[in-house]
Amino acid sequence: MKVLTVIGARPQFIKAATVSRAIKEHNEENPDRTINEIIVHTGQHYDMNMSDIFFEEMDIPKPGYSLGIGGGTHGAMTGQQLEQIEKVLLKEQPDWVLVYGDTNSTLAGALAASKLHIKVAHVEAGLRSFNMKMPEEQNRILTDRISSALFCPTQTAVKNLEAEGYSNFGIDINIVGDVMYDAALFYTERAVKPSSIDDLDLSDGFVLSTIHRAENTDDRDRLSEIVSALNQLHLERPVVMPLHPRTKKKLEEFGLKLNVKLIDPIGYLEMVYLLARCTFVASDSGGVQKEAYFFNKHCLVLRDETEWVELVDNGSNFIVGTNKELITSKGEEILRKELPGSCFGQNLYGTGDAAKQVVAFLNNKK
Ligand code: UD1
Ligand code: UDP
């Protein structure tokens, strides 16, 4: 059986790493029924520390195709990816196309396949923010609808699909848990200290922060509020931020000064090191707000809504938007250790075998 995996952005490398490893294990155990995985890298993310580092550190098979399509407007990026992926699909004729998450690469891969009547399997399906202005919300809704198999990380995701009438669409809906949880479990023991924080004394803890969400970076007022909140928190506890290239550009463009410990984007093994040791997390990332939970850390969600509502409901994460007062006061509350830790340790994202379940499904469905 042949599976063609389409990935292009940082979180997709991390998610795909777990499934590629599960495919490898499957092939070792079933030499007479192997799965041939071909990876297509769209090129959406292309810097060494946004792309290659993950392939190297996480042992992801080399892409069979590197399309080199990154940057530009949404339409241009998605359109060019669609055209090039179609050519690859016509040549390779896979049984399945596997896509992850909600980026432009996800939609381009799914749409190219669906138009050619090639089955699409969507990992991390069913998530909704209910904010249709987010490019990610558009990408994930469209991708879900044209897929043949959906792999949901949470019960909430399944409910979202049911509410949209998916029970009538003839699409296979599976709840398998979260492949990012698989990754956290597997790579934690390989964690590496980032050399870029060697000069910091982190013995009293630190705040780990990431920002890249378009609705924050591209809006001067929102970005400016986040910047002043983090600058204030940094006076109490060091704030370490691996700076996403999008955010770097926008800070420069708006003339905003982030007085925290800024470091270049880091690999996953280094990120896991920081997640395991930080005091709490402040992030607008989809993946990082969940990883905080995997490592028993509270997270200030620097957004107005989240797809990972179970973490807000159980008291581990807090939606603080971009309001400076809310961000700093909630952050200080966490630092004062006033919050109960009983929210952690629930099995909200499966048991670490999500990738294995995806592979078992594909193997049985040929
Ligand atoms: C994309 C995804 C977002 C995901 C994020 C993960 C879409 C619509 N957005 O957002 O869902 O959460 O990736 O990080 O697909 N850039 C570089 N070097 C790189 C990558 C990007 O300089 O290696 C710069 C480019 O100028 C680019 C900008 O960052 O124009 C934004 O990149 P893009 O992939 O369009 O969106 P992200 O904000 O990264
Ligand atoms: N990440 C990383 N290095 C960094 C920042 C993030 O490896 O410098 C990892 C992070 O641990 C998570 C994933 O990248 O696994 C999340 O990606 P991102 O925040 O870019 O995208 P999102 O999850 O919001 O789509």
Side-chain angles (χ1 to χ4, degrees), residues 7-18 41-54 57-58 68-78 81 99-109 124 127 129 133-140 142-143 153 178-184 187-188 191-192 194 196-197 208-218 240-250 252-253 262-276 278 281 283-292 294-295 297 299 301-303 306-308:
I7 48 181
R10 174 168 69 188
Q12 294 169 327
F13 308 139
I14 293 156
K15 291 165 196 171
T18 65
H41 185 333
T42 62
Q44 179 166 348
H45 287 175
Y46 45 85
D47 292 343
M48 159 64 194
N49 56 9
M50 294 291 288
S51 173
D52 290 4
I53 191 168
F54 300 99
E57 278 186 352
M58 303 179 85
I69 305 164
T73 61
H74 285 285
M77 186 199 294
T78 315
Q81 290 177 359
V99 294
Y100 294 85
D102 52 23
T103 74
N104 290 344
S105 300
T106 313
L107 178 60
E124 209 181 70
L127 296 179
S129 67
K133 285 200 172 143
M134 285 179 72
E136 292 84 0
E137 184 79 349
Q138 300 169 13
N139 291 339
R140 58 171 85 103
L142 296 169
T143 300
D178 194 328
V179 291
M180 291 194 89
Y181 183 50
D182 297 15
Y187 292 100
T188 296
V192 173
S196 46
I197 58 157
L208 175 61
S209 183
T210 73
I211 313 167
H212 73 273
R213 197 62 59 189
E215 70 253 29
N216 286 337
T217 58
D218 297 8
V240 176
M241 178 182 290
L243 190 58
H244 191 287
R246 171 184 213 108
T247 315
K248 186 174 186 199
K249 277 187 197 166
K250 285 293 174 180
E252 284 164 8
E253 188 184 317
L262 294 176
I263 58 175
D264 286 336
I266 48 182
Y268 183 72
L269 303 186
E270 295 169 304
M271 192 65 186
V272 165
Y273 180 96
L274 297 181
L275 281 159
C278 67
V281 173
S283 179
D284 63 10
S285 157
V288 175
Q289 59 183 286
K290 248 179 320 159
E291 288 168 340
F294 300 158
F295 289 91
K297 306 296 161 71
C299 178
V301 179
L302 305 173
R303 291 178 50 194
T306 180
E307 300 77 20
W308 307 103

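All of these numbers come straight from a predicted model, not from anything done at the bench. Atoms within a ligand are numbered from 1 in the order they appear, just like the ligands themselves.
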Starting from [atom], what is the nearest protein heavy atom, named by residue and atom, and what distance separates them?
{"atom": "atom 1 (C) of ligand 1", "value": "Q44 NE2, 3.6 Å"}
{"atom": "atom 26 (O) of ligand 1", "value": "K249 NZ, 2.2 Å"}
{"atom": "atom 18 (N) of ligand 1", "value": "D47 OD2, 2.9 Å"}
{"atom": "atom 30 (O) of ligand 1", "value": "G71 CA, 3.9 Å"}
{"atom": "atom 39 (O) of ligand 1", "value": "H45 NE2, 2.7 Å"}
{"atom": "atom 9 (N) of ligand 1", "value": "E136 OE2, 3.7 Å"}
{"atom": "atom 17 (C) of ligand 1", "value": "Y46 OH, 3.1 Å"}
{"atom": "atom 4 (C) of ligand 1", "value": "H212 NE2, 3.8 Å"}

Modelled atom types, side-chain donor and acceptor of [X] and [Y], under 3.5 Å:
{"X": "Q44", "Y": "S105", "result": "yes"}
{"X": "H41", "Y": "S51", "result": "yes"}
{"X": "D284", "Y": "N216", "result": "yes"}

Compile the donor-acceptor pairs under 3.5 Å between side chains in residues 8-16 and protein atoms, sequence neighbours left out, one pair per line.
unit_1 : atom_1 : unit_2 : atom_2 : d
Q12    : OE1    : G8     : N      : 2.9
Q12    : OE1    : A9     : N      : 2.9
Q12    : NE2    : Y100   : O      : 2.9
Q12    : NE2    : T103   : OG1    : 2.8
Q12    : NE2    : T106   : OG1    : 2.8
K15    : NZ     : E124   : OE1    : 3.1
K15    : NZ     : E124   : OE2    : 3.2

So, taking the atom named CG in D102 and the one named CD in E307, what distance separates them when rounded to the nearest 0.5 Å?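 Interatomic distance, D102 CG to E307 CD, rounded to 0.5 Å: 7.0 Å.
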Please could you name the atoms of ligand 1 that [X] approaches to less than 4.0 Å, counting only its heavy atoms?
{"X": "M77", "answer": "35 (O)"}
{"X": "H244", "answer": "14 (O), 37 (P), 38 (O), 39 (O)"}
{"X": "D102", "answer": "11 (O)"}

Name of the residue among V301, V288, L302 meeting side-chain contact (heavy atoms from CB on, under 4.5 Å) with S283: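 Running side-chain contact (heavy atoms from CB on, under 4.5 Å) over V301, V288, L302 with S283 returns exactly one hit, V288.
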ring-ring contact (aromatic ring centres under 6.0 Å, His included) partners for F54, two or more places apart: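 ring-ring contact (aromatic ring centres under 6.0 Å, His included) list for F54, sorted by chain: empty.
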Listed by chain and number, what are the ring-ring contact (aromatic ring centres under 6.0 Å, His included) partners of F294, not counting sequence neighbours?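 F294: ring-ring contact (aromatic ring centres under 6.0 Å, His included) contacts with Y181, Y349.
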Measure R246 to ligand 1 on non-hydrogen atoms and call it side chain, backbone, both or neither using the 4.0 Å cut-off.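 For R246, the contact with ligand 1 is made by both the backbone and the side chain.
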Is P11 touching ligand 1 with its side chain, its backbone, both, or neither, if touching means heavy atoms under 4.0 Å apart?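 Only the side chain of P11 comes within reach of ligand 1.
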Sorted by chain and number, the residues that approach ligand 2 to under 4.0 Å with a heavy atom: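 For ligand 2, the contacting residues are R10, P11, I14, F54, M180, H212, R213, P242, P265, I266, G267, Y268, M271, S285, G286, G287, V288, E291.
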